[in-house]
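Shown next, in structure tokens, is the structure this report addresses.
Letters A, B, ... mirror the listed sequences (proteins, then strands); counts begin at 1. Fair warning: this is a prediction, and the values are worked out from it, not measured in the lab. Note that these values count all heavy atoms, side chains included, but never hydrogens, waters or copies made by symmetry.
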Amino acid sequence: MVDTTQAKPEAESGPGGVLSLPVVSRVFDFLSQLEIDDVTFLLQKGAYFSLIFRTNPTLGLDRMPTQAPYMPPTLRGFQVDEVPRRFKMAVERRQQTLMGVNRIGEQMARIRFQWLVIPEGHQGHPDRRPPLLPFLPDISQRFELFDAELRFNDREASGARLYGTGRTYPVPSASGRELEVGAVCEVLEGLGCLRGLRGTMVLTGRIRPPHEMVFNIILRFVDPDEMLRTHSAIPPIASEEEEDHLEETFLVFIGEPDPERPTTLRTSPSGRLLGSNVYERIRLVDLDFSPDEKQGFKTRMIKGPIVGSVRAQLTFNPMRLARLTPIQTSDGVFEFEDLEGRSIGTLEANMTEGRSIRTSLRGTYIPVFRFGGFGPILRGTGEFSGARGMMSMNSIISVFPRTLSNLYILRDAGRTFRLQALSAWA
Amino acid sequence: MMTAIAPVTPPADFRPFRRPSVPSGQDPLTYGHDKVEAALRAAYFSLFSVPDPNSQDVPIPAELPFGLGWIQTLLEAIPGVTPLLAGVEVNEAPLRLKTATELAACQLLGNQQVGQSVATVHIDWTPIPWSYRANPDTRPPQTILNPFASQRFEMLNGEFRFQDRDHSGFHGFGSGRTFPNFPRGLSLKIGAVINILEGFGDFAGHHGTIVVNGEITPPEGLNLNLMVRVVDPDGSLSTQKPLPPFSKRPFPDPSATFMMFSGESDPDQPAELLADESGGWRLELTERLRLVELDFGVPGGKLVSRATTGPVVGRVSSEYIFTPGGRNAPLSVRTAHTELTFGDDRIGSQIGTLRADLVEGRGFPTPVRDLSSPLLRVGGFGPIQGGSGEFRDAQGMLSVNGAMSLFPRLSSHLYVFRFVDPDGRLRPYPADGVAPKPSEEA
């Protein structure tokens with residue numbers, strides 16, 4: 001597996017100019033709607049694991065100095081070995097706005113990886129160490145999660161071997177230098193009860209040099225047979241002591257096709273495929289999981305009411321033969337609504353870096369694409385004025401028929417959009 | 001063991017405005033609060049009733065007057081056509097029904113699972129005229145079942161037996177009402193209230209009420225929720241320990257979603273008792289609504305119920321209207337202006353509202369040891385009249401099973417909603433007809 005995140009999206013590639021032919025265009029339109037409901041339903045069958053971990057600021061990280069001759073001894077990465085906790089993200093309507101409810105629960109797993117700085121344009125590989133580069137907290141850099149492994153605390157020590165890349169985004173903060181971070185990893189191998197499952201991990205968080213990190217990870221496994229799904233309630237998180245230490249707010253939504261505004265293909269004047277114009281409805285979503293003696297894990301995803309929409313231009317070429325394809329969005333706008341359907345505010349954010357993975361899925365005629373990606377929140381209006389942070393996606397899309405199931409995680413760097421644990425339900 | 005319960009106190013003796021004698025200096029509206037709260041404790045047994053495969057229902061054809069019997073003969077000769085019915089001898093095999101109402105992603109969801117058959121039920125189900133006073137002692141005049149119009153009915157000779165060690169159960173008598181689904185079919189939504197007349201086994205000596213909420217397609221189609229509420233002040237029928245798991249089955253009625261809420265007195269809004277011009281009385285009642293999970297089992301051969309209440313998720317306000325039913329008859333109960341509001345306006349959290357009045361109900365004054373005033377067990381039902389938010393366009397039936405005390409003003413009710421929900425919008429799993437995996441245990 002080669003990381004092609006940095007490969008330039010082949011905007012002018014694909015089936016030549018044939019899309020400009022009316023017959024071909026009609027066939028494409030027909031295929032785009034064929035069994036769309038069934039495939040949408042299939043895409044939504046997934047197992048989600050949401051975790052959060054922070055480095056212990058008193059212990060710090062194992063720092064990895066450069067060892068290259070003739071180079072000054074600077075930091076080139078970290079050796080991370082932490083114990084992620086169960087992390088419940090939800091969003092509630094309050095007054096006229098949407099507020100995140102974040103709960104940190106019990107220790108669930110152990111995660112280990114080498115966080116290594118890599119050059120721009122570098123095509124990484126899980127078996128090949130990258131060239132040596134110093135960690136520079138004042139500039140945006142790419143990095144690799146090398147030799148990564150996540151192991152849950154279940155009886156079988158289920159988990160995954162992972163590989164992926166990401167990027168840092170230096171941002172000003174009250175405490176001085178801080179870096180927003182996003183990364184996408186592919187599950188190279190499922191372990192224990194996750195053996196044989198294909199999945200994607202998206203990591204977002206922040207680094208406060210020299211050694212403080214807070215990362216949320218969302219693992220999404222394709223689970224068409226619903227091996228890990230439960231219909232029963234999952235025991236709630238008992239301890240919420242950690243929540244007050246969380247400086248940021250995570251909001252999670254799930255996107256689905258908007259029947260009133262179907263996704264359309266974007267083609268060049270010569271008929272070449274550029275990507276698509278994506279329109280989605282977004283819903284509240286409740287994700288949770290817990291260990292289970294019989295199944296290994298019980299995971300649950302409950303879709304809530306529609307709370308807005310998102311539109312974006314997707315640059316992505318599904319015709320590429322490569323298994324991994326870069327994917328990006330531009331002009332991305334989330335628009336949120338109140339109960340009466342009136343706009344309460346917008347958020348602009350693009351997936352500036354992403355990676356799609358061609359994935360065969362029983363029940364679909366042609367492979368679908370899992371993808372993960374991230375990018376900074378650019379601007380907020382209305383109720384979301386002042387939002388800053390990172391948008392990330394952990395998704396699965398089908399090109400024929402044209403449908404999707406996109407999980408959005410919005411990470412605001414502050415607590416403005418956080419609902420405290422104390423609420424009417426307390 | 002068979003134990004008859006003391007007959008219901010004649011309503012003539014039930015004087016709602018008569019203040020109980022309390023020690024001097026004590027307020028009858030607050031005195032004995034803890035004792036009454038304990039007396040309101042109940043054990044719930046939630047069942048989903050389906051036809052008994054070992055004992056078929058027996059339709060009772062109507063006898064037509066004026067030599068019109070040939071019509072019945074003709075109808076009986078046509079395959080697939082049901083003759084005109086005057087009743088059905090119903091044999092049911094209720095399944096264990098585990099229900100949990102959950103709050104997730106800003107919406108309320110009904111999680112329902114059925115297990116194995118746990119009891120047998122026999123009743124003589126008989127339509128009755130509107131003017132007939134339902135009672136367990138006399139046979140009503142013949143009334144032909146009309147699937148196109150709402151009718152009252154009686155449930156005579158009711159016998160309910162659990163499959164526990166002692167074959168616990170009860171004799172009961174009840175009445176209810178049909179609500180035709182026509183023109184969407186010939187099925188009938190039904191609501192009913194049953195009073196326990198006599199308890200056996202673990203139910204011996206316990207008062208109780210059953211509310212019925214579901215749908216029937218005479219003569220044999222049957223999908224009913226039976227919610228048995230047994231007065232259990234000493235907790236002998238209740239447990240908080242985990243219950244034995246059961247093997248799940250596909251839910252017999254995939255078009256229905258059940259949601260249940262536990263109502264309790266709202267200390268901020270005490271109930272108000274008012275005289276009614278018609279000779280009855282009214283109670284303006286506000287209750288807090290909590291999520292509730294209900295299940296029961298037979299660990300070690302003994303029948304026990306497990307109710308786990310969750311956080312407050314809303315409020316219900318209602319005006320209960322009580323009318324004396326006559327000598328030896330229960331009180332007649334209905335409600336007006338009943339609205340359930342989910343969410344909390346004070347913090348701007350909105351989920352939705354539901355409007356559903358009890359169009360028919362019974363009140364059973366029930367003496368309780370150590371209490372100077374009897375409790376009033378109340379059961380009733382009525383169609384959902386509308387809603388907002390998550391419950392916009394909601395259809396179905398509400399049934400209520402509970403008890404209240406007038407001195408002090410305390411109440412405890414279980415609100416059972418059966419929503420018509422063919423798409424599974426109100427369930428935590430999608431409307432693909434996929435039943436929970438059989439291997440997954442409760």
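- Contact annotation: the side chain of A:L228 never approaches that of A:K298 to less than 4.5 Å [non-hydrogen atoms, C-beta and beyond].
- Residues A:I282 and A:F334 form a side-chain contact, since some pair of their non-hydrogen atoms from C-beta on lies under 4.5 Å apart.
- With a 4.5 angstrom heavy-atom cutoff, B:A104 touches chain A via backbone and side-chain atoms both.
- Under the 6.0 Å cut-off for aromatic ring centres, A:F297 and A:F221 do not qualify, their centroids lying 6.0 Å or more apart.
- Of the possible polar contacts, one joining the A:R85 side chain to the A:G105 backbone as a donor-acceptor pair under 3.5 Å is found.
- Looking at A:I302, the atoms closer than 4.5 Å to chain B (heavy atoms on both sides) sit in the backbone and in the side chain alike.
- Interface residue B:L109: only side-chain heavy atoms are found under 4.5 Å from chain A.
- By number of non-hydrogen pairs under 4.5 angstrom with chain B, the leading residue of A:M301, A:K303, A:R300 is A:R300.
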